[in-house]
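For clarity, every value in this text was computed on a predicted model and none was experimentally measured.
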Amino acid sequence: MSNSSKARQRIESLLDDNSFVEIGALVRARATDFNLKPSEAAADGVITGYGVIDGNLVYVYSQDASVLGGSIGEMHAKKIAHLYNLAVKTGAPVIGLLDSTGIRLQEATDALAAFGKISRKMTQASGVIPQITAVFGNCGGGLAVLAGLSDFTFIEEKGGKLFVNSPNALAGNYTEKLDTAAAKFQSEESGLADFVADETEIYGRMRELVSILPANNEDEAIAECTDDLNRAVANMAAYAGDTAAALAQIADDNVFVEVKEAYAPYMVTGFIRLDGQTVGCVANRTEILGDDGKAKDKFDAVLKPAGCRKASSFVSFCDAFDIPILSLTNVTGYGACIECEKRIAAAVADLTFAFASATVPRVNVIVGKALGSAAIAMNSGSIGADVTLAWPNAEVGTMNAKDAARIIYDGEKDDVINKKADEYAKLQNSADSAAARGYVDGIIEADDTRKYVIGALEMLYAKRVTAPSRKHGTV
């Protein structure tokens, strides 16, 4: 199969059958320097057009590596920019299928300026329409910025290469030592890739993502719900540590679309539906459960820089597209290491800012511990959560009761410390004490989480917020 037919087949594999309509098929490169032959540059290396996914309009472009390596030249970029103009006018997502050697050297500054226009169009469309990219071949140098400007990026697990500098260009590195362009590195280490899969799976997961997202920032992401709104989840408390599993349990039909699953897995982000409404979810995670129900990986209940950045970016996306936010809180403090210390304050500030400035309905459920200022950053009522619920055994306070007793009764014997710790836990750290002070709106049984969250979001459906007049925040 030729690369040209691959580029077209990718579009057809993604969209509903027979729905693709091509735009700009007759466009050719204008440059003729360095033996360029426009007549041989079919569609200038990119297929552009529109179609539907589950009946929803989307615009799509697919780079054709058989034409000048799929490189970006003047007309190539013009076609993509035109697609963005149409998408913003009609309020529909743009999907880019990337496979390119980079900016076309033969067109030099013309190609560079054209690439800049794509970047500008993507910036202008940010927060207006969802932007999704999938890397099937090379996406190197400045093209990696296109993935960074997108809301969500998929990468093919074997053939996708996403990089600014090739592995061999990094001092002391080479591909065999550490392939920094590979899907594994870009999903687990850099966090630039949100989803990793083989090519066939990418199409299905991309369709799932498009179907759960709103078409634009004025659209509502609501589907018909056939699941029981009052459905209880038996033994829900067992999922307090693995909150990805917990979110799947409470979701309509148990469907959870996790975003950046491989990156900072101690912080969970993703989408569920509740009563048919799309909800963005952020949750602390202390373990990953295997199929046997036993923990196969464990994490400290702390905030770390990578997890905070992951969550803050996700919250900002949800707020831009008017998607309600649900958080599951289980955190005791901050990661304590030199690497964390370099970035933790700024990262937690980002997370706090994202939650505090979000105007969408916000519900927080404390499923474990909510201790110290780290808990404040996790969508607490103090920074504007509309409804805060807690499971009966939740702990809410400044720190672990035993540690607090040691500080308050410094020098006392262990039996005194233990007694005072029990008193402190009851008077200051329990869900009951937080509810008595109005910091928790309700204490709910874990098994009933689904119906209480649905009820809270239904109550908040018409929420309106008038923010102070300003251009934008500076965090």
Side-chain angles (χ1 to χ4, degrees), residues 11 14-16 19-21 23 48-62 79-97 117-134 146-154 194-195 203 205-225 257 259 269-281 312-326 354 357-362 457 460-465 467 471-472:
I11 294 176
L14 172 65
L15 301 180
D16 292 356
S19 71
F20 180 61
V21 178
I23 299 173
T48 58
Y50 61 91
V52 295
I53 290 178
D54 290 336
N56 302 303
L57 174 66
V58 296
Y59 293 85
V60 61
Y61 66 90
S62 181
K79 290 177 67 176
I80 296 174
H82 178 53
L83 209 66
Y84 265 92
N85 288 338
L86 291 172
V88 171
K89 288 176 183 178
T90 59
V94 172
I95 299 173
L97 309 180
K117 291 178 180 178
I118 297 176
S119 301
R120 185 164 186 258
K121 290 296 181 183
M122 293 184 72
T123 301
Q124 292 172 332
S126 181
V128 179
I129 55 172
Q131 300 178 71
I132 302 169
T133 54
L146 301 187
L149 285 171
S150 300
D151 296 309
F152 303 101
T153 296
F154 292 74
D194 297 278
F195 302 91
Y203 302 129
R205 296 185 71 180
M206 193 176 290
R207 288 175 61 87
E208 180 182 52
L209 180 63
V210 169
S211 296
I212 206 169
L213 294 178
N216 56 68
N217 64 332
E218 296 182 348
D219 185 35
E220 286 188 316
I222 297 179
E224 182 180 357
C225 176
V257 180
V259 176
T269 56
F271 300 102
I272 64 175
R273 284 193 178 99
L274 291 173
D275 191 13
Q277 182 179 34
T278 295
V279 177
C281 304
S312 60
S313 175
F314 181 80
V315 169
S316 295
F317 174 86
C318 291
D319 192 45
F321 286 92
D322 211 26
I323 299 172
I325 297 169
L326 166 65
S357 58
T359 60
V360 295
R362 290 160 50 196
L457 291 173
L460 293 166
Y461 179 76
K463 177 184 175 182
R464 297 291 182 268
V465 174
K471 190 172 184 180
H472 56 74

| task | Provide the closest heavy-atom pair for E218 versus N216 in the form atom of the first, atom of the second, distance. | result | N-OD1, 2.8 Å
| message | With a 3.5 Å distance limit and no angle check, can you tell me whether T133 reaches the backbone of S150 through a side-chain donor-acceptor pair? | response | no
| query | salt bridge (charged side-chain N to carboxylate O under 4.0 Å, His left out) with D194: which residues, sequence neighbours excluded? | reply | K260
Scan the side chains in residues 117-128 for donor-acceptor partners under 3.5 Å anywhere in the protein, sequence neighbours excluded, and list what turns up.
{"from": "S119", "atom 1": "OG", "to": "F115", "atom 2": "O", "distance (Å)": "3.4"}
{"from": "K121", "atom 1": "NZ", "to": "N85", "atom 2": "OD1", "distance (Å)": "2.8"}
{"from": "T123", "atom 1": "OG1", "to": "S119", "atom 2": "O", "distance (Å)": "2.8"}

| said: Tell me every residue that passes side chain to side chain donor-acceptor pair (under 3.5 Å) with S19, counting only those two or more places apart in sequence or in another chain. | reply: none
| field | ring pair (Phe, Tyr, Trp, His ring centres under 6.0 Å) partners of Y59, counting only residues at least two apart | value | none
| message | Walk me through whether I95 and M206 qualify under side chain to side chain contact (heavy atoms under 4.5 Å, CB included). | response | CA-CA 9 Å; I95 299 173; M206 193 176 290; 3.5 Å; yes
| note | Closest non-hydrogen contact found for A358 with I325 is CB-CD1, 4.3 Å
| query | Should T48 and H82 count as side-chain neighbours, where that means a heavy-atom distance under 4.5 Å? | reply | no
Below 3.5 Å, can you tabulate the donor-acceptor pairs from side chains in residues 51-58 to any protein atom, sequence neighbours excluded?
{"from": "D54", "atom 1": "OD1", "to": "R207", "atom 2": "NH2", "distance (Å)": "2.9"}
{"from": "D54", "atom 1": "OD2", "to": "S211", "atom 2": "OG", "distance (Å)": "2.7"}
{"from": "N56", "atom 1": "ND2", "to": "I53", "atom 2": "O", "distance (Å)": "3.1"}

| request: Taking the side chain as every heavy atom from C-beta outward, state whether F20 and V60 have any atom pair closer than 4.5 Å. | output: yes
| Side-chain heavy atoms of D322 within contact of N217, under 4.5 Å | no
| message | Quick test of your reading: applying side chain to side chain donor-acceptor pair (under 3.5 Å), list the pairs with at least one residue in residues 271-281, sequence neighbours left out, ordered by first then second residue. | response | none
| field | Residues in ring pair (Phe, Tyr, Trp, His ring centres under 6.0 Å) contact with F321, at least two apart in sequence or another chain | value | F317
| note | Taken to the nearest 0.5 Å, the spacing of I11 CD1 from Y50 OH works out to 13.0 Å
| remark: Sequence neighbours excluded, the answer for side chain to side chain donor-acceptor pair (under 3.5 Å) partners of Q131 is Y84
| Looking only at atom types and distance, does a side-chain atom of T269 sit under 3.5 Å from a main-chain N or O of V259, one as donor and one as acceptor? | yes
| Partners passing side chain to side chain donor-acceptor pair (under 3.5 Å) against Y61 (at least two apart in sequence or in another chain) | none
| message | Under the criterion side chain to side chain contact (heavy atoms under 4.5 Å, CB included), I'd like the reasoning laid out for L213 against D151: C-alpha separation, chi angles, the key distance, then a yes or no. | response | CA-CA 11 Å; L213 294 178; D151 296 309; over 6 Å; no
| field | Partners meeting side chain to side chain donor-acceptor pair (under 3.5 Å) with E208 (sequence neighbours left out) | value | none
| F271 vs C318 side-chain heavy atoms within contact, under 4.5 Å | yes
| task | Indicate yes or no: at least one non-hydrogen side-chain atom of I129 is less than 4.5 angstrom from one of V88. | result | yes
| remark: Looking only at heavy atoms, the pair that brings P214 and P130 closest together is O-CG, 3.3 Å
